[in-house]
Undergrad: 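Sharing a structure, written as structure tokens. Questions coming.
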Amino acid sequence: MIVCVCNNISDREIRQAVDLGLSSMAELRRDLGVATCCGKCHTCAREVLNDHLSATVVLQETVLMRAVLTN
């Protein structure tokens with residue numbers, strides 16, 4: 001879905017940016033231009049960012065837990 005209509009930024013692009021290391025709204029603004037025009041997308045963009053950051057942390061913890069468990 002398109003999150004930022006002004007800059008044509010989708011939720012997928014925000015998730016990809018998080019996967020590449022972005023972790024804040026300031027970084028999304030700087031690198032993707034999210035919420036730099038009208039600002040109406042700020043709340044939705046922040047939700048996508050936070051949800052994906054949370055999912056990434058859970059995934060990393062799961063992978064780390066599996067790596068630690070050896071026979």
Undergrad: Going from CD1 on Ile14 to CG on Leu53, what distance comes out if it is rounded to the nearest 0.5 angstrom?
TA: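 Ile14 atom CD1 to Leu53 atom CG measures 11.0 Å (nearest 0.5 Å).
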Undergrad: Rounded to the nearest 0.5 Å, what separates atom CG in Asn50 from atom CE in Met25?
TA: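 If I round to the nearest 0.5 Å, the distance is 9.0 Å.
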Undergrad: Could you go through Val34 and Cys41, starting from their C-alpha distance and side-chain angles, then the distance that decides it, and tell me whether this counts as side-chain contact (heavy atoms from CB on, under 4.5 Å)?
TA: CA-CA 7 Å; Val34 173; Cys41 64; 4.0 Å; yes
Undergrad: Hey, is Asp11 close enough to Arg15 for a salt bridge, meaning N to O under 4.0 Å?
TA: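 Looking at Asp11 and Arg15, the cut-off is met.
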Undergrad: Report the C-alpha separation of Cys44 and Met1 in whole Å, then their side-chain angles, then the decisive distance to 0.1 Å, and conclude whether the side-chain contact (heavy atoms from CB on, under 4.5 Å) test is met.
TA: CA-CA 11 Å; Cys44 182; Met1 98 181 128; 4.2 Å; yes
Undergrad: Ignoring hydrogens, what is the shortest heavy-atom contact between Leu32 and Ala17? Give both atom names and the distance.
TA: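 So the two residues come closest at CD1-CB, 4.0 Å.
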Undergrad: Search all heavy atoms of Gly21 against all heavy atoms of Glu27 and return the closest pair with its distance.
TA: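 Answer, listing the atom of Gly21 first, then Glu27: O-OE1, 4.2 Å.
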Undergrad: Could you measure the distance from the OG atom of Ser24 to the CZ atom of Arg30? Nearest 0.5 Å is fine.
TA: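 Separation between the atoms: 7.5 Å.
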Undergrad: Per the side chain to side chain contact (heavy atoms under 4.5 Å, CB included) rule, which among Val5, Ile9, Val3 passes with Asn7?
TA: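 Among Val5, Ile9, Val3, the one that satisfies the side chain to side chain contact (heavy atoms under 4.5 Å, CB included) with Asn7 is Ile9.
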Undergrad: For His52 and Asp19: C-alpha separation, side-chain torsions, deciding distance, then whether side-chain contact (heavy atoms from CB on, under 4.5 Å) applies.
TA: CA-CA 9 Å; His52 196 61; Asp19 291 341; 2.8 Å; yes
Undergrad: Search all heavy atoms of Ser10 against all heavy atoms of Glu13 and return the closest pair with its distance.
TA: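 Looking at all heavy atoms of both residues, the closest pair is N-OE1, 2.9 Å.
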Undergrad: Around atom CZ of Arg12, are there more than 12 heavy atoms of other residues, nucleotides or ligands at under 6.0 Å?
TA: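 At most 12 heavy atoms, drawn from other residues, nucleotides or ligands, come within 6.0 Å of this atom.
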Undergrad: List the atom of Ala35, the atom of Arg29, and the distance in Å for their closest heavy-atom pair.
TA: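 Heavy atoms only, the tightest pair is O-CD, 4.2 Å.
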Undergrad: What are the two closest heavy atoms between Gly33 and Cys4, and how far apart are they?
TA: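 Nearest pair, atom of Gly33 first, then Cys4: O-SG, 4.3 Å.
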